[in-house]
Each structure stands twice: as C-alpha cells, then as structure tokens.
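Numbered from 1 within each chain, the chains take letters A, B, ... in sequence-line order.
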There are 2 protein chains.
Amino acid sequence: MSNSKLYKGSLTTIILKLLNENDKMYGYEITQRVKELTKGELKITEGALYPALHKLEAEGLLDVEVAKVDNRLRKYYKLTETGTKETVNKLEELAEYIKTMQALVNPKLA
Amino acid sequence: MSNSKLYKGSLTTIILKLLNENDKMYGYEITQRVKELTKGELKITEGALYPALHKLEAEGLLDVEVAKVDNRLRKYYKLTETGTKETVNKLEELAEYIKTMQALVNPKLA
DNA sequence: TCTTATACATAAGAAAATTATGTATATATT
DNA sequence: AATATATACATAATTTTCTTATGTATAAGA
C-alpha cells in the first residue's frame, strides 16, 4: 500500500468513499482511481483489495453485479443503504482521527 | 485503542512524538498522557504499548533506564539519536498520510 | 512473439492490534 | 480491617489487516 504503516485500517474508508462518489465501480478501477487521485502515493494491492470487497459485501455494505466487457469479467460494486450510512460514519471517524492525531503531534494548536 | 481502526499503525508515531517532547517517560505515564491529550478519545492498551516499547528499544530507537519510585518499578524510556531522526520521519509520514487521505475523501480541495 | 495491461482470486506469512491474564505495591473507600 | 481502585510492569492467545507470492484468463501493444 505504501511504505507508511499509517494506511493500515484505512482501506475500507477509501473504498466506501469512492463508491459514494461514483455510484458503481469495479475492483481494478478502484486501484487505478486511487493511484491517480494520490499521484502514485498509494497503491492498493489486489491481495488487500479483493478480500476487503468480499468482506464489505458479506457485511451487507456493498451489492455486486457481474458484467462482461470485452470478453473479460468485471464485478461492479455499489453501496447498499447500510453502506451509505456506514460511509458517513467512516468519514466522521477519519475526521476525528486526524483531529486527535493533530492534538497529539501538535499540542500547541489544541 | 478506539472504536476506529484508523489508529492501527499510529502507535509508534505517538510514542516517538511524546518522547520527543518530554525527554523521558515511562509506559504507564504514556497511557495517561495520551488519554489527557485526546480527552479520552484514545486509550492505549497495555497489550499494545509494552510490546511496542520493547520493539522500539530492540531497534535502537529508545534507551531504557529502570528506576524504583515508592517501592514500585518504573522503566523510563528516552529517544536515542537514531530515535530522534526516526521521529522526524514518522511525523513527515503522518503529514503525508493526512494529505493523501484528504485528497481521497475531499478531492475538490486537492 | 513476448510483454504489459486488464481483471479476477486465494493462500501463506508478517505485523500490529485486542482481549485476557498474571504479578505486585500503594492508595482510597466502605 | 477489608475491599476496590490506581499504579506499574509483562506476556500469551487470538484477531484483523495487510504484504508477498501465486494462479487463471483475455486484450492490446511492441
């Protein structure tokens, strides 16, 4: 994902947010979008992404729809209602995380 | 640590930063300081903290000094020179992480 | 023809945490 | 005096999340 360990635990938030903006996306597309948006800083590995997508689906946060494009398989994921709600939570948690970490590393501003 | 998984991977950064500001601290003190600074948001568990301190010591980032206060054991940790350098790196990584995540969740501002 | 890109998947192992224990002393409460 | 809470360390079992490696398959480009 990156040389930095800080990204651990962030993948779900990233996936949910991207799907929140893009209605439906497939796995490979997510990896490419993240690479673009972060100018190469963050590379989502397949070994992390696919199990994460399967887990989100199993938890009922994502719905999947299989399509065949150019004779190749694609699995489009989209947020369920629950998934949309959970996206809000995850984004709040991210904002809170950033605030908390800034209080720790920059206590003068707190 | 918190209900949010985002803190996974942040503990080392937190420890190093606190020691960078406080010269020397012992484990229990770190847990209390973090609780104060984050107004209870973040509680460092012992099962996470002590192994992390031992690892940082083994890697040569921390020196340890045992003391007896009120007939109770304390292990004071302080940054080595290497540890001070690594603190700078970790803080840079945190800033980069925050920047990257903001580019992902708030692409309009990127 | 061979490499790279597209597109999925999983298994083995590592890393970092949680949860549950354990030991021991000091202080506060009932 | 007895009990609970706070202080102070530690580790073991388990879980979560990731990396690394591997596998399958088609399309496109050199």
Taking all non-hydrogen atoms of both residues, which atom of [X] and which atom of [Y] are closest, and how far apart?
{"X": "A:Tyr50", "Y": "A:Tyr28", "answer": "OH-N, 3.9 Å"}
{"X": "A:His54", "Y": "A:Tyr77", "answer": "CD2-OH, 3.8 Å"}
{"X": "A:Leu11", "Y": "A:Ala52", "answer": "CD2-CB, 3.8 Å"}

Would you please confirm or rule out a distance under 4.0 Å between OP1 or OP2 of [N] and any side-chain N or O of [X]?
{"X": "B:Tyr50", "N": "D:dA10", "answer": "no"}
{"X": "A:Arg72", "N": "D:dA27", "answer": "no"}
{"X": "B:Tyr26", "N": "D:dA8", "answer": "yes"}
{"X": "A:Asn71", "N": "D:dA25", "answer": "no"}
{"X": "B:His54", "N": "D:dC9", "answer": "no"}
{"X": "B:Lys5", "N": "D:dT17", "answer": "yes"}

**OP:** Could you tell me whether the side chain of A:Asn106 and the main chain of A:Gln102 form a donor-acceptor pair under 3.5 Å?
**Re:**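 Absent.
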Assign [X] to base, sugar-phosphate, or nothing according to its heavy-atom contacts below 4.0 angstrom with the strands shown.
{"X": "A:Lys55", "answer": "sugar-phosphate"}
{"X": "A:Lys68", "answer": "nothing"}
{"X": "B:Glu46", "answer": "base"}

Atom-to-atom span, [atom1] of [X] to [atom2] of [N] - whole angstrom:
{"X": "A:Leu56", "N": "D:dT17", "atom1": "CG", "atom2": "P", "result": "10 Å"}
{"X": "A:Glu59", "N": "D:dT16", "atom1": "CD", "atom2": "P", "result": "10 Å"}
{"X": "B:Gln32", "N": "D:dA8", "atom1": "CD", "atom2": "P", "result": "9 Å"}
{"X": "B:Glu29", "N": "D:dA6", "atom1": "CD", "atom2": "C1'", "result": "15 Å"}
{"X": "B:Leu42", "N": "C:dA17", "atom1": "CG", "atom2": "P", "result": "11 Å"}
{"X": "B:Lys43", "N": "D:dA6", "atom1": "NZ", "atom2": "P", "result": "12 Å"}
{"X": "B:Asn3", "N": "D:dT16", "atom1": "CG", "atom2": "P", "result": "16 Å"}
{"X": "A:Glu65", "N": "C:dA7", "atom1": "CD", "atom2": "C1'", "result": "16 Å"}

**OP:** Specify the residue among A:Lys75 and A:Lys8 whose closest nucleotide of DNA chain C lies further upstream toward the 5′ end.
**Re:**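 With A:Lys75 and A:Lys8 compared, the 5'-side residue is A:Lys75.
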Subject >> Residue mapping more 5' on DNA chain C - nearest nucleotide basis, A:Arg74 or A:Gly47 >> reply: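 Looking at DNA chain C, the more 5' nearest nucleotide goes with A:Arg74.
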Subject >> Stepwise side-chain hydrogen bond (donor to acceptor under 3.5 Å, both in side chains) test for B:Tyr7 and B:Glu41 >> reply: CA-CA 11 Å; B:Tyr7 291 96; B:Glu41 238 279 304; 2.8 Å; yes
**OP:** By nearest nucleotide on DNA chain D, pick out whichever of B:Leu53 and B:Tyr28 is the more 5' one.
**Re:**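 Counting from the 5' end, the first nearest nucleotide belongs to B:Tyr28.
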